[in-house]
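Atoms within a ligand are numbered from 1 in the order they appear, just like the ligands themselves.
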Amino acid sequence: MSRIINRRQLLQTGLQSAAALGVSGFTLPAMAEDILVGPAIRDAERLVALPGKVPLIQVYDRPPVYETPTPLLIGKQNYPLTDREAYYVRWREALIPEIKPDELVLEIGGDAAVNPRSFTLAELRETFPETSVAAVGACKGQARGVVHKPVLGGVSWGKGDVSAAKWTGIPVKDVLEAVGVRDNAAQVAFKAAGITIAASAPEYWRVQGIDEMMRPEPLLAYGMNDGDIPLWNGAPLRLVNPGEYSPEWVKQVVRIEIRSQPIDNLWAGPKVGGPDPVRITSFVCTPADGTLLQVGSETELTGVAYDSGIGLAKVEVSLDEGASWEPATMEEPYGKYVWRVWHHQVTPKKKGPLRILTRATGVDGETQPMAMTEADIKSNGRRINAVTGYATYLETA
Ligand SMILES: Nc1nc2c(c(=O)[nH]1)N[C@H]1C(S)=C(S)[C@@H](COP(=O)(O)O)O[C@H]1N2
Ligand SMILES: [Mo]
């Protein structure tokens with residue numbers, strides 16, 4: 001379902017929608033005549049399949065915003081990565097074009113580029129070395145729809161606005177160096193192909209600092225889990241920045257600008273983006289929230305834990321609100337930037353609601369805070385990793 005609302009209606013109801021789309025923090029410019037957006041419709045019980053995807057939790061249908069049910073996060077095809085068909089989906093575009101790999105032309109320019117030029121995908125693949133990296137892609141505001149009452153602003157996500165995949169592509173750095181970076185370069189801006197839901201800002205741009213983009217990790221990816229990237233996840237070319245939150249991982253990149261000045265664009269915001277490392281986080285994937293367990297019978301919890309690439313030392317589980325913790329069994333790491341799967345056996349002793357807390361600790365001693373901080377709440381949970389926020393609620397009979 002979708003609808004077009006006018007400016008007056010936008011003022012009445014739309015600002016909430018705008019906030020729900022993650023544009024809170026920006027005042028919509030006076031030119032914003034229309035914003036094309038459906039109502040927030042998240043219902044964890046209602047799964048909808050996009051073409052080529054398995055049924056996911058539909059948070060919005062327009063623009064497409066779908067979260068992965070936690071039991072599907074750890075996939076089968078490239079264990080423990082998420083299957084391509086189950087990887088979560090998040091767009092601000094009202095119009096998402098289908099671009100075939102041989103149709104893509106990537107333009108590179110900007111006032112701080114020495115030799116602006118364009119590349120076809122074939123030229124990119126011939127010119128630059130291919131590399132792969134497996135990484136967790138975590139939306140900011142992960143789980144924000146379930147961590148706090150009253151519900152925080154922004155997209156009301158559950159826990160599944162995160163996934164893991166192996167991305168194949170070419171280092172951004174190599175492409176920037178080939179074009180030439182002037183000394184006054186401050187930021188790199190990435191533009192998507194589609195048209196956004198905001199009439200005042202139809203182009204979708206995101207920016208990263210030049211230093212951030214000259215690191216070896218950021219990739220322009222054209223492959224996912226040894227196959228093609230699904231349209232919904234940004235085919236034919238997307239930015240991937242391992243270890244960093246994924247709002248800047250622009251999908252369907254068609255233009256890159258190396259700039260001396262910040263770009264004026266609603267979505268890019270006034271600031272130069274990054275670095276923005278993923279905070280240490282853990283939660284239970286199976287059984288799913290709400291599952292009914294039998295008192296006295298053993299159940300295996302399986303979950304994930306991840307950070308920005310520093311490394312995990314342990315994951316612990318508490319059945320008594322954090323009074324005592326038991327260590328979970330961790331699987332071997334798959335890669336520095338990917339989650340680690342862990343397991344833990346529990347035997348519920350009494351009937352009723354059961355709240356399970358999990359806590360990951362890094363090799364540097366960094367751990368998840370028990371509760372959300374004021375700063376977390378003020379920022380609408382944009383980088384939330386509180387233990388109580390990711391609690392799992394089960395029922396026992
Ligand atoms: N073109 C485009 N790229 C985008 C976005 C978008 O709205 N449009 N959203 C960003 C955000 S906020 C997230 S969390 C990730 C989601 O990637 P996914 O849809 O592959 O899960 O894409 C990023 N790249
Ligand atoms: Mo996001």
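Residue-level proximity to ligand 1 for Pro247 is carried by backbone and side chain together, each with a heavy atom below 4.0 angstrom. Contacts between Glu248 and ligand 1, counted as non-hydrogen atom pairs separated by less than 4.0 Å, are absent for every part of the residue.
Those atoms of ligand 1 with a heavy atom of Cys139 less than 4.0 angstrom away are 14 (S). Counting the atoms of ligand 1 from 1 in the order shown, those under 4.0 Å from a heavy atom of Ala192 are 1 (N).
Looking only at heavy atoms of the protein, atom 1 (N) of ligand 1 is closest to Glu93 OE2, 2.7 Å. Taking atom 17 (O) of ligand 1 as the reference point, the nearest protein heavy-atom neighbour is Arg238 NH2, 3.2 Å. Counting protein heavy atoms only, atom 24 (N) of ligand 1 is closest to Trp249 O, 3.0 Å. Of the protein's heavy atoms, Lys251 N, 2.9 Å lies nearest to atom 3 (N) of ligand 1. The protein heavy-atom contact nearest to atom 9 (N) of ligand 1 is Arg92 NH1, 3.0 Å. Of all protein heavy atoms, the one lying nearest to atom 15 (C) of ligand 1 is Ser246 O, 3.6 Å.
We find the CD1-CD distance between Ile195 and Glu93 to be 9.5 Å, quoted to the nearest 0.5 Å. Expressed to the nearest 0.5 Å, how far CD1 of Ile384 lies from CE of Met372 amounts to 3.5 Å. Taken from NZ in Lys191 to CZ in Arg206, the straight-line distance is 15.5 Å, to the nearest 0.5 Å. Rounded to the nearest 0.5 Å, atoms OH (Tyr390) and CG (Leu357) are 14.0 Å apart.
Residue Lys140 places every heavy atom at 4.0 Å or more from ligand 1. Residue-ligand proximity: Gln252 is placed with every non-hydrogen atom at 4.0 Å or more from ligand 1.
The closest side-chain donor-acceptor pair between His344 and Glu326 falls under 3.5 angstrom.
Taking both residues in full, the closest heavy atoms of Gly362 and Ile280 are given as N-CD1, 3.3 Å, listed atom of the first, atom of the second, then distance.
Annotation: Phe190 is not in aromatic contact with Trp267 [ring centroid separation under 6.0 Å not met].
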Q.
One pair to check against salt bridge (charged side-chain N to carboxylate O under 4.0 Å, His left out): Arg125 and Glu123. What are the steps and the verdict?
A. CA-CA 5 Å; Arg125 297 184 66 159; Glu123 283 168 342; over 6 Å; no

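Identified under the ring pair (Phe, Tyr, Trp, His ring centres under 6.0 Å) test for residues 105-124, with sequence neighbours left out: Phe119-Phe128.
In this comparison of Tyr87, Trp232, Tyr88, the heavy atom closest to atom 16 (C) of ligand 1 sits on Tyr88.
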